[in-house]
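Accompanying notes for the structure given below.
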Amino acid sequence: GDSVTQMEGPVTLSEEAFLTINCTYTATGYPSLFWYVQYPGEGLQLLLKATKADDKGSNKGFEATYRKETTSFHLEKGSVQVSDSAVYFCALSGPIAGNNRKLIWGLGTSLAVNP
Amino acid sequence: DAGVTQSPTHLIKTRGQQVTLRCSPKSGHDTVSWYQQALGQGPQFIFQYYEEEERQRGNFPDRFSGHQFPNYSSELNVNALLLGDSALYLCASSRTFFSYEQYFGPGTRLTVT
């Protein structure tokens, strides 16, 4: 079945460091891909999305590119801030043209940014 | 504009009991999905409701059932609770059945003793 694998945490960085969180997936066809973020004490929020190959999702300085050839959707940010400390989840659902919207999730990667 | 709301926030139950969790979707949304998130894990899809019918279901036993009301709110019922049912239960709503963007509530923390 479909699955998502993301790098284990926790990840600890200093402020202004470069961030990469790796995410790879297994799925048939062309799934839609997402990054969600869970800030301490808050609910899950959609951070960015991509629905077809080579799409780049971006939001709040974060970026991820849908790479069909490597089945990857790595999350990057050029300069992290303390306020980026959170748990980040990679997820997939069915192709945008279909009606399968069930989200399949990775285990989450905890990020701590120190001042 | 109220987001997705869930009640109660926390719940403690005993093995074998039954529990009902409630969810009100974001204004303008008509589709509700439920997820179970064990500690330190990613969410697991339980089921999705649209037009008061269960449209998709994950790998959960029949002890997990749900309902959607005409006002689009939803309930998750779990019977014969097991210790392993202890988790954060998340409700997510989307604008339509075909929308890929899901908005999550804060969750209900269920502890089974």
Side-chain angles (χ1 to χ4, degrees), chain A residues 1-10 21 23-25 27 29-52 55 57 59 66 73 75 86-110, chain B residues 2-7 9-10 21 23-26 29-51 53-60 64 66 68 87-109:
Chain A
D2 295 352
S3 65
V4 173
T5 302
Q6 60 180 107
M7 64 185 282
E8 291 186 20
I21 301 178
C23 171
T24 57
Y25 67 89
Y30 292 81
S32 300
L33 301 174
F34 307 86
W35 277 100
Y36 278 81
V37 59
Q38 191 169 36
Y39 296 104
E42 299 185 17
L44 285 159
Q45 302 174 26
L46 178 63
L47 181 60
L48 53 83
K49 64 185 183 294
T51 57
K52 60 182 187 293
D55 263 2
N59 186 25
Y66 189 144
F73 192 55
L75 182 67
V87 181
Y88 293 82
F89 291 91
C90 184
L92 67 81
S93 72
I96 193 69
N99 59 10
N100 178 7
R101 295 292 176 258
K102 172 179 70 176
L103 284 168
I104 295 172
W105 302 76
L107 294 179
T109 302
S110 176
Chain B
V4 178
T5 59
Q6 293 185 243
S7 63
T9 305
H10 297 90
L21 309 182
C23 171
S24 291
K26 184 177 168 65
H29 288 193
D30 64 9
T31 302
V32 173
S33 300
W34 286 92
Y35 295 83
Q36 180 195 65
Q37 186 178 16
L39 201 60
Q41 304 291 313
Q44 297 291 316
F45 175 78
I46 303 175
F47 42 53
Q48 180 189 57
Y49 276 85
Y50 170 67
E51 291 186 333
E53 289 187 13
E54 183 182 291
R55 299 292 177 160
Q56 277 191 285
R57 188 178 183 92
N59 295 324
F60 280 80
F64 289 76
Q68 185 179 36
L88 181 67
Y89 287 85
L90 298 167
C91 172
S93 72
S94 46
R95 192 171 59 83
T96 74
F97 178 66
F98 297 100
S99 299
Y100 53 75
E101 186 161 347
Q102 298 186 24
Y103 293 77
F104 285 80
T108 293
R109 172 72 63 187

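Chain naming here is simple, since letters A, B, ... match the order of the sequence lines and numbering starts at 1 in each.
- The minimum heavy-atom distance linking A:K102 with B:Y35 is given by the pair C-OH, 4.4 Å.
- B:Q37 touches chain A through its side chain: at least one heavy atom from C-beta onward sits under 4.5 Å away, while N, CA, C and O do not.
- Residue B:S99 touches chain A through its backbone alone, counting heavy-atom pairs closer than 4.5 Å.
- For A:Q6, no part lies under 4.5 angstrom from a heavy atom of chain B.
- Atom CG of residue A:L46 and atom CZ of residue B:F104 lie 9.0 Å apart, to the nearest 0.5 angstrom.
- Contact annotation: the side chain of B:P43 approaches that of A:L44 to within less than 4.5 Å [non-hydrogen atoms, C-beta and beyond].
- Atoms NZ and CD, on A:K49 and B:E101 in that order, are 5.5 Å from each other to the nearest 0.5 Å.
- With sequence neighbours left out, B:E51 forms a salt bridge (charged side-chain N to carboxylate O under 4.0 Å, His left out) with B:R55.
- A search for salt bridge (charged side-chain N to carboxylate O under 4.0 Å, His left out) contacts involving B:R57 returns B:E54, not counting sequence neighbours.
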